2 protein chains.
Amino acid sequence: MNEQDFLAGYDPSAYPSTAITVDVVALTIREGALHLLLIRRGQPPYQGHWALPGGFVQPDEDLTTGARRELAEETGLGGDRLRRVHLEQLASYGAPDRDPRMRIVSVAHLAFAPDLPDPVADSDADEAGWLPVTALPSRQLAFDHARIVDDGLERARSKLEYTPLATRFLGPEFTIAELRGVYETVWGHPLHAGNFHRKVLSVPGFVESTGGNTERGGARGGPRARLYRAGDARLLHPALLRPAREETVR
Amino acid sequence: MNEQDFLAGYDPSAYPSTAITVDVVALTIREGALHLLLIRRGQPPYQGHWALPGGFVQPDEDLTTGARRELAEETGLGGDRLRRVHLEQLASYGAPDRDPRMRIVSVAHLAFAPDLPDPVADSDADEAGWLPVTALPSRQLAFDHARIVDDGLERARSKLEYTPLATRFLGPEFTIAELRGVYETVWGHPLHAGNFHRKVLSVPGFVESTGGNTERGGARGGPRARLYRAGDARLLHPALLRPAREETVR
DNA sequence: CGGCGTCCCTCTCAGGTTGAGAATTACTCT
DNA sequence: AGAGTAATTCTCAACCTGAGAGGGACGCCG
């Protein structure tokens, strides 16, 4: 039976109820470490566990709009601050038993944010905060959120290779070294500063010079660095490839 | 309130209910052209228009399971034939007005199939068939399916770069030239035969030799080709890159 | 203020990969 | 048998990458 026939002949409300939620894997970089926005649940199920921010999609809103709204609510941000956050759909999760209450399909989203202030507790008085992804209480994440986080992290690592989205973790102006720091943090290992510099400047549309310099050198010395802003490319050609790892799943 | 009490008193119908469907962008290669599985709708809305195969997710099945079931129903296939089809989640589509009847979120999937027999009309007597993707009646696809197909095609082109999934369009044994044909068909332009050959054999785990040869040379001459089967790599390192096109801003 | 260490930015060089063309050889078709 | 086709291998120049090094600007500490 397909959807058309079903709808033509049956009352939709008679069908077993299914709900749609959006969840957000929101990443940012704080103090050189990758952080994830999590909410501590104040109510069952999984009371006291950390969970991804999210909630039901409103009847009149698109999936991505819903995700952005949830992100705004949980971070307490709005306007310009939120507009600089990159948001994209990640994947949907719909195992029949993933939520003990009822059938819930979650459309997960992935967000890259510049360093944001600590979130404020929402109306349910749930605790919320940015937690470093190393040291995640992985066994204690609610529902299947550990899996969603894993998928989001892998997607983030991959996106940095072929898109300029690393700039979304930074402010409007940044140095090449700061950009390198994003890659090193997300990928989890150091990069060759000279080669990275050469590569970034050689990819058309990745960054463009503002003409300015930092006010000071680095905290421990070094010259003032040139400032750049994000270019207009949507894709990096050629891509920045992650150093080859011994992954080869066999 | 503990979790048991909470679940006992939980009323699912208190939350906005939305229907969930799975749709499948199923691709195959016939006579050197990329084909897409479509169903002609027998009832309104969009009566007479072509639509992606799909339907409601059953209460007890996972999203991907539902997609595989729909694909089996629409192609009339099962067992081994279907097991060789690659199926993955593509994206979810949930604009509030994408279906005129009610709020329906569709979790779209992407399938790569070897050449399959023509589908049989299902119980509703809707027409079904493999249509070449060039010459698609793009304005006549139902709902937002044209958009879903576009996304699926782009994903397919991209997947061929960094995964060995091109082999899923072929039988268990194939020649390098047949594999090159898959790439040329999906990417839409010819590749350098010598370079492709060198590259495929140099990527670890992409293909492995069966030791055999084709029975005959090509239809218009040429030597017998060596036969290969898919290797055990899940990812291609280094990837086969598409020839650089002019910056594609979607 | 002067010395030391840091770090931005550039350069070099060897090794690997790619794109383009071509040679070799084994076939099919007429 | 001859012409044409295509699988496979080679060559070569251009490009890209990883690794190391050096010049020079700058902060910190004594």
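Every chain is numbered from 1 and lettered A, B, ... according to where its sequence line falls, protein lines coming before strand lines. Heavy-atom basis, side chains included; hydrogens, waters and symmetry copies ignored. Computed from a prediction, not measured in an experiment: that's the story for all the values here.
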Length of the line joining [X]:[atom1] and [N]:[atom2], which is rounded to integer Å:
X: Arg220(B); N: dG4(D); atom1: CZ; atom2: P; result: 13 Å
X: Glu184(A); N: dC7(C); atom1: CD; atom2: P; result: 12 Å
X: His189(B); N: dA20(C); atom1: NE2; atom2: P; result: 12 Å
X: Leu191(B); N: dT18(C); atom1: CG; atom2: P; result: 13 Å
X: Phe196(A); N: dC7(C); atom1: CZ; atom2: P; result: 16 Å
X: Leu241(A); N: dT17(C); atom1: CG; atom2: P; result: 12 Å
X: Glu215(B); N: dC27(C); atom1: CD; atom2: C1'; result: 14 Å

* **With Lys199(B) via side-chain hydrogen bond (donor to acceptor under 3.5 Å, both in side chains) - residues at least two apart** =>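 With neighbours one apart ignored, the set is empty.
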* Asked: Taking only residues two or more places apart in sequence or in another chain, which ones pass side-chain hydrogen bond (donor to acceptor under 3.5 Å, both in side chains) with Arg224(B)?
  -> none
* Kindly write out the residues that satisfy ring pair (Phe, Tyr, Trp, His ring centres under 6.0 Å) with His109(A), not counting sequence neighbours, or none if the list is empty. =>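 Once residues adjacent in sequence are excluded, His109(A) has no partner under the ring pair (Phe, Tyr, Trp, His ring centres under 6.0 Å) criterion.
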* Only counting residues at least two apart or in another chain, list the ones meeting ring pair (Phe, Tyr, Trp, His ring centres under 6.0 Å) with His35(A). => none
* Structure fact -> Protein-proximity profile, nucleotides 8-15 of chain D, B/S/- by nucleotide at the 4.0 Å heavy-atom cutoff, equals SB-B----
Atom pairs and distances, donor-acceptor, side-chain atoms in residues 165-179 of chain A, under 3.5 Å, two or more places apart:
{"from": "Thr167(A)", "atom 1": "OG1", "to": "Pro164(A)", "atom 2": "O", "distance (Å)": "2.9"}
{"from": "Arg168(A)", "atom 1": "NH1", "to": "Arg84(A)", "atom 2": "O", "distance (Å)": "3.2"}
{"from": "Thr175(A)", "atom 1": "OG1", "to": "Ala177(A)", "atom 2": "N", "distance (Å)": "3.4"}
{"from": "Thr175(A)", "atom 1": "OG1", "to": "Glu178(A)", "atom 2": "N", "distance (Å)": "3.0"}
{"from": "Glu178(A)", "atom 1": "OE1", "to": "Thr175(A)", "atom 2": "N", "distance (Å)": "2.9"}

* Looking at every strand, decide which applies to Gly221(B) at a 4.0 Å heavy-atom threshold: base, sugar-phosphate, or nothing. =>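 Base, at least one base atom sits under 4.0 Å.
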* Regarding Ser106(B) and Asp23(B), is there a side-chain donor-to-acceptor distance under 3.5 Å anywhere? -> yes
* Whichever of Pro238(B) and Gly217(B) has its nearest DNA chain C nucleotide further upstream toward 5' -> Pro238(B)
* Asked: Closer to the 5' end of DNA chain D via nearest nucleotide, is it Lys199(A) or Ala219(A)?
  -> Lys199(A)
